[in-house]
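What follows is one structure encoded as structure tokens, with my remarks underneath.
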Amino acid sequence: MPHDLARLLLDAHSGPHYSVRAALALADGQPPPRIAGLVTGLTGSKRALWISIARVTGSAAPPDDAGLMRLAEWEVEAARALTPEQLGLRLGGRVVGELLLEHVREVMWTAGQIAAQANRVRFA
């Protein structure tokens, strides 16, 4: 299961289609404020989730200075390192593994929002 979660996170962030990286590649030049806001929000959500997971599982916390893509790379390795027992632990009444699956959905939703914003025609 940890390997499967890591693969889902990797694909959600770096897959060739329908990923955060692919969506960001659609934004030409300086990303508009809405895209920057989406990136900031996802980065913060990711960091908060993994800090909580680290407290419950005893695993390493995410690096403080990492931006979204570096944090995503760290996250894949962190998910891969979790044991099935750690994925079954509860965090705020929810199972860690379920929280990570929900996070994958958040990443994919954000990628879609970034792609939608990147494809909008901008008027000066």
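Both backbone and side-chain heavy atoms feed into the values below; hydrogens, waters and symmetry mates do not.
Scanning all heavy atoms of the two residues, the minimum distance from A54 to A60 falls at CB-O, 3.7 Å. Here the shortest heavy-atom pairing between A118 and A27 reads CB-N, 3.7 Å. Across every non-hydrogen atom of A23 and A111, the tightest pair is CB-O, 3.3 Å. W50 and A78 get closest at one heavy-atom pair: CZ3-CB, 3.7 Å. Of all heavy-atom pairs between A79 and P2, the closest is O-CB, 3.4 Å.
Rounded to the nearest 0.5 Å, atoms CD (Q117) and CD (Q113) are 7.0 Å apart. Atoms CG and OG1, on L38 and T43 in that order, are 10.5 Å from each other to the nearest 0.5 Å. Between the CD atom of E98 and the CG atom of L91 there is a distance of 11.5 Å, given to the nearest 0.5 Å. Rounding to the nearest 0.5 angstrom, the gap separating the CG atom in L9 from the OG atom in S14 is 10.0 Å. Taking CG of L68 as the reference point, atom CZ of R21 lies at 9.0 Å (rounded to 0.5 Å).
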Could you walk me through whether L100 and L49 pass side chain to side chain contact (heavy atoms under 4.5 Å, CB included), step by step? CA-CA 9 Å; L100 287 170; L49 174 64; 4.0 Å; yes

One pair to check against side chain to side chain contact (heavy atoms under 4.5 Å, CB included): L71 and E75. What are the steps and the verdict? CA-CA 6 Å; L71 188 56; E75 174 181 54; 5.7 Å; no

Verdict with supporting geometry, L26 and I114, side chain to side chain contact (heavy atoms under 4.5 Å, CB included): CA-CA 9 Å; L26 296 174; I114 290 169; over 6 Å; no

List the steps and the verdict of side chain to side chain contact (heavy atoms under 4.5 Å, CB included) for L5 and L82. CA-CA 10 Å; L5 279 170; L82 292 173; over 6 Å; no

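Ring orientation note: the planes of H103 and H13 are tilted relative to one another, at an angle of 30° to 60°.
A donor-acceptor pair under 3.5 Å is formed between the side chain of T57 and the backbone N or O of I53.
Hydrophobic clustering keeps M69 apart from W74 (ILVMFWY residues linked when any side-chain heavy atoms are closer than 4.5 Å, directly or through intermediates). Under a hydrophobic clustering in which Ile, Leu, Val, Met, Phe, Trp and Tyr are joined whenever their side-chain heavy atoms come within less than 4.5 Å, directly or via other members, L24 and Y18 fall into different clusters. Follow the hydrophobic side-chain contacts under 4.5 Å out from V76 and you never reach V107; the two are in separate clusters. L10 and V104 fall within a single hydrophobic cluster, where Ile, Leu, Val, Met, Phe, Trp and Tyr are joined by side-chain heavy atoms under 4.5 Å apart, directly or via other members. A single hydrophobic cluster is seen to contain both L99 and V56, as judged by linkage of ILVMFWY side chains at heavy-atom distances under 4.5 Å, directly or through other members.
Side-chain contact between I51 and R47 is present, with heavy atoms from C-beta onward closer than 4.5 Å. Inter-residue side-chain proximity for S45 and E106 is flagged as met; some heavy-atom pair is nearer than 4.5 Å. Put simply, the side chain of R105 reaches to within 4.5 Å of the side chain of L101, judged on heavy atoms. No side-chain heavy atom of L87 sits under 4.5 Å from any side-chain heavy atom of V95.
Side-chain N/O atoms of S59 and Q86 include no donor and acceptor closer than 3.5 Å.
Taking S52 as the reference, nothing meets the side-chain hydrogen bond (donor to acceptor under 3.5 Å, both in side chains) condition, with sequence neighbours excluded. Legend: residues meeting side-chain hydrogen bond (donor to acceptor under 3.5 Å, both in side chains) with D65, ordered by chain and number and at least two apart, are R70.
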